[in-house]
Amino acid sequence: MTSPTELQTEPAARGIHCHKVNKAFGEARALRDFELEASGSTVISLLGPSGCGKTTALRMIAGFERPDSGTVAIGEDIVAGPDVFIPPEERRVGMVFQDYALFPHMTVAQNVGYGADEAGVARALALVGLEGYRKRMPHELSGGEQQRVALARALAPGPTAVLLDEPFSNLDATLRDRMRREVRTILKGAGTTTIFVTHDQEDAFAMADVVAVMRGGEVLQVASAIELYRHPVSPWVAGFVGESDVFAGTAVVGSVETALGTFPHASPLRGGVLVMVRPEWVHPSPAIDGAAIVVEQEFFGHDQLLVLELDGTRLRSRVGHVPGLGIGDRVDVGIDELVLFPEGAT
Amino acid sequence: MTSSTADQLNPAAPEAGTLRNEDAAAPTWLWVAGVAVVLPALIPVVALVGRVIGASDAAWDALVSARTAQLLARSIFFALVVTMTATSLGVAAAWITTRTDIRYSRVWSTLLALPLVIPSYVLALSFISFAGPRGLFADSTGVSLPSISGFWGAAVVLALATYPYVYLVVRSTIVRIDPSLEEAARGLGSSAAEAFRRITLPQLRPAIAASSLLVALYTLSDFGAVSLMRVDVFTRVIYAQYQGRIDRTPAAVLSLVLMLIAVTILWGESRSRGRSVYFASQAPRPPTRLGLAPRQRTAAHAFLSITVGLGLALPVLVLVAWLLRGLTTGGVIDMRWGAVLGSLSGSVAAGLLAMIAAVPVAVLAVRHRGRISRALRATVYAIFSLPHIAVALAVVFFASRYLGGLYQSFVLLAFVYATLFLAQASGATEAALTQINPSLEEAARGLGDNRLQVFRRITLPLILRGLMAGGALVFLTTMKELPATLLLRPTGFDTLAVRVWSTANELSYARAAAPALLLLIVSAVPMYYLIIRPRQRV
């Protein structure tokens with residue numbers, strides 16, 4: 001692979017800005033006041049369940065859909081807004097499709113050269129490490145190679161931003177791991193703003209600098225992976241990005257009382273709250289008069305998953321080996337970290 | 001990944017695929033092109049409607065009668081019988097040649113497609129001249145067979161003439177289906193037959209629907225076979241009305257009724273097909289062929305032999321026999337090179353015109369679904385389904401009054417041909433276009449091409465084979481065309497079809513043999529290279 005600087009675009013021309021974008025297909029509202037800011041060589045992920053509007057958002061930025069209201073800007077140019085609609089071919093945005101959409105009647109070089117000159121082809125092929133594949137036809141390539149060609153094709157014209165639609169959904173698990181790293185390296189090397197759509201939280205965490213969680217056409221939270229995992233804005237986001245358990249508690253200044261005990265917190269919330277914990281934040285210790293009982297135990301080698309029960313509340317604990325702990329044993333529960341939500345939050 | 005708690009709090013978000021807003025995206029010039037291509041075709045229809053509205057009371061009395069009701073019932077039943085037979089034949093033939101281990105499947109594939117080059121009236125002629133009175137069989141044995149003419153004889157002839165449409169379309173689709181789908185069904189406990197019925201057949205549905213629609217419309221507008229075999233369906237009755245009366249209004253009235261039937265069939269078809277759009281990719285590997293038990297093999301061979309025997313071997317042998325008889329008894333070879341030239345020039349012009357016109361219609365129908373594109377497409381199919389005699393009549397009325405020098409000119413005739421058969425070109429183009437994932441075109445636009453550039457660099461190369469197949473279909477169909485040629489040809493213009501027709505009408509079978517055989521040969525060559533061979537390589 002060549003040096004990362006060669007395909008870089010001018011910093012001023014970079015960035016995607018969506019403001020209050022709405023889009024409906026008949027009765028179905030695909031996007032509601034959709035907001036997104038991406039700039040520099042950031043890799044941003046739109047993460048959400050199927051039907052949440054993430055692909056519509058991507059197609060809107062690319063110019064394949066027209067927003068009903070709101071504005072979309074690429075760099076300093078408004079490309080969609082009141083009385084403005086720039087067609088896709090004038091947006092300088094590289095799109096990588098879920099099925100790659102390689103032109104079946106063209107060679108690798110012709111595909112990559114579709115929107116670029118020979119120098120662009122050479123640079124892009126070098127960047128994805130496929131210099132020797134120029135004369136191959138798309139059907140002669142493996143899945144990972146096809147993806148790299150699609151990426152090279154999107155990068156070759158030197159786009160302002162690269163958009164990827166579920167880029168790893170057609171790959172098997174091993175290849176998926178490798179391609180996540182490779183694609184991220186390539187995109188960072190090219191230095192473009194990248195937006196990619198996925199329903200898989202692992203894809204998002206492994207690839208993205210910033211993750212935007214979407215649901216029902218709305219962006220619920222935009223944050224780094226760590227922030228998202230540790231400080232989700234709602235129980236739904238908590239559950240969507242990782243394993244979580246939620247139970248009731250009563251918050252006072254500095255601490256929260258629950259059936260499992262009283263734990264410290266720094267939240268401004270007071271009164272009835274929902275307490276969210278992740279299994280690895282929960283630590284059981286054997287105690288004859290412990291408040292909770294181990295009701296399930298699943299052993300994975302590097303760790304184990306325990307299900308603890310107290311007064312009908314169940315929560316999971318992911319811990320290493322705890323000597324002498326088994327199903328039916330009583331335990332005390334220690335909690336490293338917790339997140340509080342207002343009562344009734346979803 | 002998601003916790004049980006979160007799942008309880010939030011019932012699963014609604015599942016939905018990618019929504020595309022396809023209606024909004026079509027540019028104005030594409031609509032203009034689509035309408036411009038279809039609009040002139042409507043003129044004869046308007047002329048026809050005008051004539052019917054201005055018709056006398058007597059003509060309306062003629063329309064509303066028991067005889068008309070009977071004619072209506074007979075015509076619809078006839079089309080139904082032919083379509084069902086042709087569809088069964090076509091699907092069965094496609095399945096046997098692609099999914100079983102029958103031997104010489106390549107040879108069978110070619111033979112099964114070949115009846116397409118035999119015009120229905122030539123097939124009818126060969127049946128009559130073999131088994132009918134004064135036919136070969138009666139002549140050489142002295143035994144006269146029960147009459148081959150009439151409803152069922154004509155139904156067999158038309159089914160044999162039309163099943164290749166279903167066969168070719170279904171065959172080319174079946175080989176693109178991923179065999180692992182059927183294997184998955186087998187793994188889940190389905191028999192081979194059940195897997196075919198539950199998995200493959202539904203995927204073939206658009207292909208079967210499209211091709212059997214073609215068969216139904218072909219049957220309704222067929223004039224040659226039904227008139228030779230004396231079945232009183234709409235076309236034959238209309239022709240009789242036109243020829244036999246000074247007032248041609250009844251012919252116009254009946255033509256309009258026939259048009260309404262065709263429109264009704266189209267409406268039903270579009271309803272049944274719904275919104276299914278298949279982005280079938282190429283099959284990743286060839287399917288495992290089903291091993292036939294000896295009995296099944298015998299049955300399959302018998303089925304294929306009878307189909308090919310009646311649809312291909314019989315007409316060729318009968319025509320050759322008549323040609324030889326003509327040669328030995330009187331040295332009669334009635335061959336006119338002017339007719340060959342006329343057939344070729346008319347068909348080539350029609351094929352090229354139809355290919356050009358097919359593109360906007362197909363692009364609108366596949367990529368920009370909506371009320372207007374559906375209306376355009378339905379119009380194209382409706383025009384294809386009209387009895388050619390009716391369109392020819394309407395053009396005669398219109399051209400003789402308004403078009404002056406164009407009336408009875410080659411240019412007008414070529415345009416009428418292309419208009420009549422546009423559905424074949426646009427249908428084949430639509431099928432090809434449906435195979436192209438729209439994301440290919442979007443990818444090209446994202447890379448900086450406008451719509452026209454994308455069409456030239458991506459869409460056209462990928463649909464070219466389908467477009468040419470469509471042009472070839474128009475070429476072939478024009479070659480066989482009879483009634484429009486009879487009414488609209490310029491003075492002195494002759495075609496092979498007209499030669500066959502006029503000599504067969506004089507019951508001089510020996511004279512009809514040479515032009516009929518020549519018609520077979522000239523249409524067999526492009527047929528083989530443009531349609532049959534490319535599909536076998538798939």
Side-chain angles (χ1 to χ4, degrees), chain A residues 23 25 28 30 48-52 55-56 59 62-66 87-106 114-116 139 150 153-154 156-157 159 163 165 200-202 215-216 235-236 238-247 276 314 316 346, chain B residues 1-27 176 275 279-285 367 370 432 435-465:
Chain A
K23 176 72 184 177
F25 295 99
S50 123
C52 73
T55 296
T56 302
R59 294 172 56 77
F64 301 127
E65 303 291 353
R66 217 183 253 260
E89 63 266 28
E90 290 164 27
R91 293 195 177 191
R92 288 174 47 88
V93 171
M95 177 116 174
V96 177
F97 290 81
Q98 184 168 9
D99 55 10
Y100 313 138
L102 297 181
F103 306 131
H105 60 304
M106 295 182 176
Y114 192 94
H139 67 267
R153 188 177 68 183
L163 312 176
D165 186 9
D200 183 333
Q201 147 265 347
E202 278 188 45
R215 188 189 182 205
W236 187 85
F240 193 72
V241 302
E243 294 174 313
S244 73
D245 287 301
V246 178
F247 50 92
M276 190 285 287
R314 281 176 162 234
R316 288 164 293 179
T346 56
Chain B
M1 194 170 73
T2 50
S3 79
S4 53
T5 320
D7 285 347
Q8 280 157 16
L9 287 168
N10 303 290
E15 289 284 326
T18 302
L19 296 163
R20 284 174 200 274
N21 203 347
E22 289 171 321
D23 296 338
R176 288 201 195 97
R275 290 170 54 88
F279 304 132
S281 48
Q282 277 162 343
R285 62 197 161 81
R367 289 287 188 259
Q435 302 290 322
I436 303 173
N437 193 324
S439 62
L440 289 179
E441 289 159 356
E442 289 175 354
R445 289 204 71 192
L447 292 166
D449 272 2
N450 64 31
R451 284 171 186 279
L452 278 175
Q453 290 167 322
V454 171
F455 179 78
R456 189 174 53 77
R457 294 174 72 186
I458 302 297
T459 317
L460 188 60
L462 292 174
I463 63 168
L464 197 58
R465 192 184 271 189

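Chain identifiers are assigned alphabetically (A, B, ...) following the order of the sequence lines, protein sequences preceding nucleic acid strands; residue numbering begins at 1 within each chain. Worth knowing before you read on, the calculation uses all heavy atoms, side chains too, and leaves out hydrogens, waters and symmetry mates.
Here A:D99 is the residue among A:L163, A:D99, A:V93 with the most heavy-atom pairs under 4.5 Å with chain B. Chain B forms the most heavy-atom pairs under 4.5 Å with one residue out of A:G63, A:A62, A:P88, and that residue is A:P88. Of the listed residues (B:A443, B:P461, B:G446), the greatest number of heavy-atom pairs within a distance under 4.5 Å of chain A belongs to B:A443.
Taking OG1 of B:T459 as the reference point, atom CZ of A:F103 lies at 9.5 Å (rounded to 0.5 Å). Atom NE2 in A:H105 sits 4.5 Å away from atom CG in B:L462 (nearest 0.5 Å). Taken to the nearest 0.5 Å, the CD atom of B:E442 stands 12.0 Å off from the CD atom of A:E89.
A:M106 is listed as a side-chain neighbour of B:I458, based on a closest heavy-atom distance under 4.5 Å. Between B:R457 and A:Y114, some side-chain heavy-atom pair lies under the 4.5 Å cut-off. A heavy-atom distance below 4.5 Å is not found between the side chains of B:N450 and A:P87.
Residues A:L102 and B:L440 approach most closely at O-CD2, 3.2 Å, considering heavy atoms.
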